[in-house]
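Numbers restart at 1 for each chain; the letters A, B, ... are given by sequence-line order, proteins then strands.
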Amino acid sequence: MRAKLDDYFSVVFEPELIEEILKVGTLKQIKAGELMIDVGDELTQVPLLISGAIKIIREDAKGDEIVLYYLERGDTCAISFINCVHHRKSIFRGIAEKDSEAVFVPIEKIEDWMVKYKSWRHFVVDSYHLRLLEMVEAIESLAFLQMDDRLFKYLTDKAKIMRSTTLNTTHQELADDLNTSRVVVSRLLKQLEREKKIKLHRNKIEVIDF
DNA sequence: ACATTAAGTGATT
DNA sequence: AATCACTTAATGT
């Protein structure tokens, strides 16, 4: 666990903080497709992502969902900090997009470290800033882009996060993530294929041009 | 061979 | 861009 933590976090956290994290943190493996946090869940721990990627989704009462952003190595769910401190429930759902690892830190430490460690304060604030920027991007995409552009952006973003140009996903899953219907996705994907931007297979999409 | 699931398509709103 | 209704293709049993 030390090696894994050092790997990324040693550059952001001072050694004493790393020691504290090692003392109270627990390392967890999250397999692809596994639920890390669901809407309404009580937050008792804060994740520090070591590897992999977590997809953060907002879901409404009807079950309609929309993908907001991804967490990657070195990220944390900044939103969860406030939730933790005020003992609120999660308003998001986090699903592992691929096999991931994270160190979970109990919430009691969050506030302690805020006053004790400068690097922790920076980490939290930076993380908040980053999430905000990603949210703005998500809103822009929703408000200004048409479905075809949104879809292509989603595919290229996902290809970057998965570090692979072949995505194993169905049209239905894409439709769910973008909050549209499968038929629409199928049609737009066909069009993108004709434009030679992607290549379609069953349960698989190759992103060619990005 | 048959059932199931994923993907493609025309027509309509 | 969404929905319906239907077809076709791929895959599992």
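- Rounded to an integer number of Å, the gap from CZ of A:Arg187 to C1' of B:dG10 is 7 Å.
- Distances were taken from every side-chain heavy atom of A:Thr170 (C-beta onward) to each of C:dA1, B:dA11, B:dA7; the shortest belongs to B:dA7.
- Judged by distance alone, with hydrogens and angles left aside, A:Arg202 brings no side-chain donor or acceptor close enough to the base of C:dT11 to form a pair under 3.5 Å.
- Residue contacts for A:Ser181: at a heavy-atom cut-off of 4.0 Å it reaches a base atom on one of the strands shown.
- Proximity of A:Ser186 to the phosphate of B:dA6: no side-chain N or O atom is located under 4.0 Å from OP1 or OP2.
- What separates CG of A:Leu189 from C1' of C:dA1 is a distance of 15 Å, to the nearest Å.
- A straight line from NZ of A:Lys190 to P of C:dT7 spans 20 Å, rounded to a whole angstrom.
- Atoms CG (A:Leu178) and P (C:dA1) sit 11 Å apart, rounded to a whole Å.
- A:Val39 and A:Ile91 fall into different hydrophobic clusters, where Ile, Leu, Val, Met, Phe, Trp and Tyr residues are linked whenever their side-chain heavy atoms come under 4.5 Å apart, directly or through other members.
- Distance, A:His201 NE2 to C:dT8 P: 23 Å, rounded to whole Å.
- Among C:dC4, B:dG8, C:dA1, the nucleotide with an atom closest to any side-chain atom of A:Val184 is C:dA1.
- The distance from atom CG of A:Asp148 to atom C1' of C:dA1 is 11 Å, rounded to the nearest whole Å.
- Looking at every heavy atom in both residues, A:Arg121 comes nearest to A:Met114 through NH1-O, 2.7 Å.
- A cation-pi arrangement is present between A:Lys28 and A:Phe104 under the rule of less than 6.0 angstrom and at most 45 degrees off the ring axis.
- The separation between A:Gln191 atom CD and B:dG10 atom P is 14 Å, rounded to whole Å.
- The CG atom of A:Leu188 sits 9 Å away from the P atom of C:dA2 (whole-angstrom rounding).
- Smallest separation of non-hydrogen atoms from A:Leu68 and A:Ala138: O-CB, 3.7 Å.
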